[in-house]
Each structure stands twice: as C-alpha cells, then as structure tokens.
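Shown next, in structure tokens, is the structure this report addresses.
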Amino acid sequence: MAEATRSLDIPAPPAAVWGALADYGSISAWAPDVDHSCLMSEQASGAGAVRRVQVGRIVLVERVTQWEDPERLAYRIEGLPAAISSVTNTWHLEPSRDGTLVSVTTAVNVGPRPPQQLASRAIAARLAKVSDGMLAGLRGHVRAREGSTS
C-alpha cells in the first residue's frame, strides 16, 4: 500500500469546511474533475452513506467508512480498474491560525509484490495531484459560500 497526503489552509472556520464535505452528494459543486455526483443511499451522512461520482466517462461509487463530525471523513472508492485492490480518501480538518487546515490522504493498494507496490506508489502520486485540485476547489467553494453569508 502507498499513501499520499496533500494539505491546504482554508481561511474559514472548520464548521464551514465540514459543511461542504458533509454535503456528501454534492462533491461536483466544488471538485473540478467531477462532472456529476449524487447520493445512492437513503442515508445522506455518516458511515454507510454512498454517492455516485461521474468523472468524464468513468463512474465511481464512494462509500463512507468513517464520519467523525467535524474532523474526519473517509470513503472507499469503487469502480477503478480491477488491478487496483483498494483506494480510500481520508479527509482531516483541524483548526489553524488562519482558519482550517484541511488534509486529504489517498491510500492505494495494488498488491503486496514489489512491482505492485511500485504501481501503488505511482497511482498514489497521480491521485495526489487530483487531491490538489479538490483542495483548491473546496477552498474556492467554501470562500464563496462564506462570502455570500457575510
């Protein structure tokens, strides 16, 4: 397994950032690569909530595995090529001097053999770039929402 973590300080209180993440079916409102998203479960929040995400022609299903309001959200990503055993994203929020430090850790498991571990690291590095875009999109979305309520 390989992990890649990206972080960004968002100038907004943790509750505002959590509000955007906790609107689980609406990731397409702020993640630049997501064309469409919607809930697939009656449960809209908490462990067990499920959303469908459309990224170009790829359809992913994301199942919440951890929901610790207002500081941690983790989900398993399904629908990637069969060679990839598992991918999870874990979001962590903590108060910072300027607002909220938001981190997203992507864990990729392709398998235990050395070539598979190398592939895991390469995929994690690629997904870390996607995380950079998601963090920037989340920052812009939260700032726009905060500006509209001030």
Side-chain angles (χ1 to χ4, degrees), residues 1-55 58-112 116-117 119-146:
M1 180 174 353
E3 291 186 349
T5 300
R6 293 292 198 259
S7 300
L8 184 65
D9 210 339
I10 296 179
V17 178
W18 180 259
L21 286 175
D23 188 1
Y24 194 63
S26 298
I27 189 173
S28 60
W30 53 266
D33 292 339
V34 177
D35 299 312
H36 174 75
S37 60
C38 62
L39 288 173
M40 289 183 61
S41 60
E42 287 185 28
Q43 181 176 341
S45 62
V50 181
R51 70 180 168 206
R52 177 187 183 275
V53 175
Q54 182 89 29
V55 180
I58 300 169
V59 175
L60 303 171
V61 173
E62 299 179 339
R63 298 178 189 276
V64 176
T65 56
Q66 283 184 310
W67 186 288
E68 299 171 21
D69 184 352
E71 58 191 50
R72 185 178 314 276
L73 170 66
Y75 50 86
R76 185 176 64 247
I77 303 171
E78 302 168 359
L80 296 165
I84 301 173
S85 300
S86 67
V87 175
T88 60
N89 273 348
T90 303
W91 293 81
H92 183 258
L93 282 62
E94 62 183 73
S96 69
R97 186 182 59 182
D98 297 324
T100 306
L101 180 62
V102 182
S103 301
V104 59
T105 299
T106 302
V108 178
N109 184 10
V110 173
Q116 293 169 318
Q117 292 175 0
S120 292
R121 286 193 296 277
I123 293 166
R126 169 65 182 107
L127 292 177
K129 291 179 183 178
V130 173
S131 294
D132 287 335
M134 287 195 305
L135 285 163
L138 179 61
R139 176 180 57 200
H141 180 72
V142 169
R143 289 176 76 185
R145 285 175 52 175
E146 284 288 288

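Just so it is clear, the structure is predicted and the values come from calculations on it, not from any experiment.
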Does [X] use its side chain to pair, donor to acceptor, with the backbone of [Y] at less than 3.5 Å?
X      : Y      : value
Gln117 : Pro112 : yes
Arg51  : Tyr24  : yes
Ser120 : Val110 : yes
Thr100 : Val102 : no
Ser37  : Ser28  : yes

Where do [X] and [Y] come nearest, in terms of heavy atoms and distance?
X      : Y     : result
Ser103 : Thr5  : CB-CG2, 4.2 Å
Val55  : Asp33 : CG1-O, 3.4 Å
Val142 : Ala20 : CG2-CB, 4.0 Å
Gln43  : Ser41 : O-OG, 2.6 Å

Distance from [X] atom [atom1] to [Y] atom [atom2], nearest 0.5 Å?
X      : Y      : atom1 : atom2 : answer
Ile84  : Gln116 : CD1   : CD    : 11.5 Å
Met1   : Ser86  : CE    : OG    : 6.0 Å
Arg52  : His36  : CZ    : NE2   : 5.5 Å
Ile77  : Glu62  : CD1   : CD    : 5.0 Å
Gln54  : Leu60  : CD    : CG    : 8.5 Å
Thr105 : Glu3   : OG1   : CD    : 6.0 Å

Decide yes or no for [X] and [Y]: does some side-chain heavy atom of the first lie under 4.5 Å from some side-chain heavy atom of the second?
X      : Y      : answer
Met134 : Ile27  : yes
Leu101 : Ser7   : yes
Val87  : Leu127 : yes

- request: For the pair Arg145 and Trp30, evaluate side chain to side chain contact (heavy atoms under 4.5 Å, CB included) and give the outcome as yes or no after the intermediate values.
  value: CA-CA 11 Å; Arg145 285 175 52 175; Trp30 53 266; over 6 Å; no

query: Hey, mind stepping through Arg63 and Val61 against side chain to side chain contact (heavy atoms under 4.5 Å, CB included) and telling me if it holds?
result: CA-CA 7 Å; Arg63 298 178 189 276; Val61 173; 4.2 Å; yes

query: Would the Trp91 and Trp18 ring centres measure less than 6.0 Å apart?
result: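 No, they do not, as the ring centres are separated by 6.0 Å or more.
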
message: I'd like to know whether Leu135 forms a side chain to side chain contact (heavy atoms under 4.5 Å, CB included) with Arg139, so could you lay out the CA-CA distance, the side-chain angles of the two residues, the decisive distance to 0.1 Å, and finally the verdict.
response: CA-CA 6 Å; Leu135 285 163; Arg139 176 180 57 200; over 6 Å; no

query: Hey, mind stepping through Gln66 and Thr90 against side chain to side chain contact (heavy atoms under 4.5 Å, CB included) and telling me if it holds?
result: CA-CA 8 Å; Gln66 283 184 310; Thr90 303; 4.3 Å; yes

